[in-house]
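Please read the structure below before turning to the comments.
One is the number of the first residue; the rest follow in order along the sequence. Side-chain atoms are counted along with the backbone in the values below, which use heavy atoms only and exclude waters and symmetry mates.
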Amino acid sequence: MLKSEAHTSHAGVSETARSALHSRDAKETSMPSRALTGNALTLVRPSDRLRMLIKNRQAFGLDPVFNHNDIRHWFKDMSDTALRVMVNRHCAKGDVISAVCHGVYQAIDLAWSSRQILVAAALKLRGEDSTYLTMHSALTEFKNSQNLLVFITTGRNFILKSEPHGVVAIKHTQVPLTKLRKSLIWDTELSCYKAIDQQAVFDYQRHHLGLKSLMREAGVGEELPDISQLGVC
């Protein structure tokens with residue numbers, strides 16, 4: 001696995017960085033009663049239960065950016081369809097959660113940047129160990145200038161569109177990420193792996209045509225910055 005092999009000095013950084021992000025999100029909330037865990041939660045109305053989970057998410061161990069699988073454990077008394085309908089209703093109300101993109105949601109009081117939220121959503125869809133940030137998105141020069149993020153993945157191509165936050169383009173590669181471990185570093189702000197500058201430029205040179213085609217087919221209007229002449233290769 002990439003996490004166990006890439007940069008041993010970063011072996012424990014994933015949880016540390018994630019905890020740091022969550023601490024920035026932390027607010028003064030009361031700890032939920034131990035009785036309100038597991039099956040006991042079914043005694044609470046589903047809508048109230050969701051509010052309780054979101055407002056006390058740190059105590060329950062729920063990520064502030066989450067999908068249905070993350071909350072399914074607390075709604076075993078509901079069908080998948082009923083759970084999705086309830087979540088969508090809360091998104092429409094905008095009281096405790098909002099939609100990041102299809103199937104991924106965030107706490108309404110989350111104080112993260114759009115960049116952090118997009119990365120968290122992408123990792124929910126593709127996984128931390130099979131995905132890394134690259135091309136212009138991995139370069140310091142473009143840190144605050146784009147609402148388009150690019151990832152390389154060993155999974156399928158995918159375009160994540162988020163109306164409030166931007167776009168994530170996820171491009172497939174056939175290269176096992178374990179072979180790239182020396183070219184990746186851990187981004188503590190975003191809690192994800194990202195390419196070093198040289199690898200980011202190499203990824204652009206190798207994948208930019210396919211990525212532009214993918215974006216065009218998905219109707220993405222954002223321009224992919226040309227970083228081929230940055231001179232880091």
Side-chain angles (χ1 to χ4, degrees), residues 2 6-7 10 13-14 17 21 65 99-104 106 110-233:
L2 176 62
H7 296 282
H10 295 283
V13 74
S14 178
L21 274 177
V65 176
V100 177
C101 61
H102 180 71
V104 181
Q106 68 171 87
L110 184 59
W112 292 2
S113 68
S114 287
R115 187 178 175 90
Q116 290 170 321
I117 293 172
L118 284 174
V119 168
L123 297 183
K124 285 294 177 185
L125 295 171
R126 283 296 179 268
E128 179 182 295
D129 293 331
S130 61
T131 309
Y132 68 91
L133 194 67
T134 189
M135 301 192 196
H136 69 282
S137 306
L139 303 180
T140 304
E141 300 94 307
F142 294 90
K143 182 176 181 180
N144 299 312
S145 62
Q146 290 286 325
N147 60 348
L148 168 67
L149 298 181
V150 177
F151 280 86
I152 291 293
T153 181
T154 53
R156 296 178 293 108
N157 290 332
F158 187 76
I159 296 291
L160 183 162
K161 294 181 180 180
S162 175
E163 184 173 345
H165 299 299
V167 176
V168 178
I170 306 176
K171 183 70 179 68
H172 170 75
T173 181
Q174 294 182 340
V175 179
L177 298 196
T178 51
K179 292 186 176 181
L180 300 176
R181 62 187 181 277
K182 293 183 179 179
S183 299
L184 305 179
I185 58 176
W186 183 257
D187 189 305
T188 56
E189 178 186 0
L190 299 176
S191 283
C192 70
Y193 287 104
K194 72 175 182 179
I196 62 174
D197 290 359
Q198 183 176 353
Q199 182 65 40
V201 174
F202 176 78
D203 285 338
Y204 175 85
Q205 294 171 338
R206 182 173 184 177
H207 295 290
H208 74 280
L209 293 179
L211 183 57
K212 286 181 178 179
S213 176
L214 177 65
M215 292 167 57
R216 187 166 53 250
E217 291 174 2
V220 176
E222 281 79 3
E223 291 292 329
L224 183 65
D226 185 347
I227 63 171
S228 61
Q229 303 302 317
L230 289 187
V232 296
C233 290

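A distance of 10.5 Å separates CG in Leu149 from CD in Glu222, rounded to the nearest 0.5 Å. We find the SG-NZ distance between Cys101 and Lys124 to be 12.0 Å, quoted to the nearest 0.5 Å. Remark: Lys194 NZ to Glu189 CD distance equals 8.5 Å, nearest 0.5 Å. Here Glu223 contributes atom CD and Lys212 contributes atom NZ; the two are 7.5 Å apart, rounded to the nearest 0.5 Å. For the atom pair CG (Leu214) and CG (Leu209), the distance works out to 12.5 Å, reported to the nearest 0.5 Å. A distance of 10.0 Å separates CH2 in Trp112 from CG in Leu190, rounded to the nearest 0.5 Å.
With sequence neighbours excluded, the residues satisfying side-chain contact (heavy atoms from CB on, under 4.5 Å) with Pro164 are Ser162. Among residues two or more places apart in sequence or in another chain, the side chain to side chain donor-acceptor pair (under 3.5 Å) test is passed with Ser137 by none. By the side-chain contact (heavy atoms from CB on, under 4.5 Å) test, Ala200 pairs with Thr134, Ala138, Leu139, Ala195, sequence neighbours left out. Under the ring-ring contact (aromatic ring centres under 6.0 Å, His included) criterion, His165 pairs with no residue at all, not counting sequence neighbours.
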Next item on the list: Report the C-alpha separation of His136 and Leu224 in whole Å, then their side-chain angles, then the decisive distance to 0.1 Å, and conclude whether the side chain to side chain contact (heavy atoms under 4.5 Å, CB included) test is met.
Entry: CA-CA 8 Å; His136 69 282; Leu224 183 65; 3.9 Å; yes

Next item on the list: Start with the C-alpha gap between Arg115 and Leu133, add the side-chain angles, then the distance that decides, and say whether side chain to side chain contact (heavy atoms under 4.5 Å, CB included) holds.
Entry: CA-CA 11 Å; Arg115 187 178 175 90; Leu133 194 67; 4.1 Å; yes

Margin query: With side chain to side chain contact (heavy atoms under 4.5 Å, CB included) as the criterion, how do Leu211 and Met135 come out once you've worked through the C-alpha distance, each side chain's angles and the decisive distance to 0.1 Å?
Written below: CA-CA 11 Å; Leu211 183 57; Met135 301 192 196; 3.7 Å; yes

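Here the closest heavy-atom approach between residue Pro225 and residue Phe142 is recorded as CB-CE2, 3.7 Å. Scanning both residues, Leu123 and Cys192, for their nearest heavy atoms gives CD1-CB, 4.0 Å. A pairwise comparison of heavy atoms in Val104 and Ala121 identifies CG1-CB, 3.9 Å as the closest pair.
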Anything under 3.5 Å between a donor and an acceptor, one on a side chain of residues 167-175, the other on a protein residue two or more places apart or in another chain? List them.
{"from": "His172", "atom 1": "ND1", "to": "Thr154", "atom 2": "O", "distance (Å)": "3.4"}
{"from": "His172", "atom 1": "ND1", "to": "Gly155", "atom 2": "O", "distance (Å)": "2.6"}
{"from": "Thr173", "atom 1": "OG1", "to": "Val175", "atom 2": "N", "distance (Å)": "3.2"}

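Here the side chains of Leu148 and Met215 are in contact, with some heavy-atom distance below 4.5 Å. For the pair Leu177/Tyr193, no side-chain contact is recorded, criterion being any heavy-atom separation below 4.5 Å from C-beta on.
Annotation: cation-pi geometry not satisfied between Arg126 and Phe151 (NZ/CZ under 6.0 angstrom from ring centroid, within 45° of ring axis).
A distance-only check finds a donor-acceptor pair linking the side chain of Thr153 to the backbone of Ser130 [under 3.5 Å]. In this structure, the side chain of Gln199 does not engage the main chain of Ile196 through any donor-acceptor pair within 3.5 Å. Using a distance-only test at 3.5 Å, with no hydrogens or angles considered, no donor-acceptor pair links the side chain of His207 to the main chain of Asp203.
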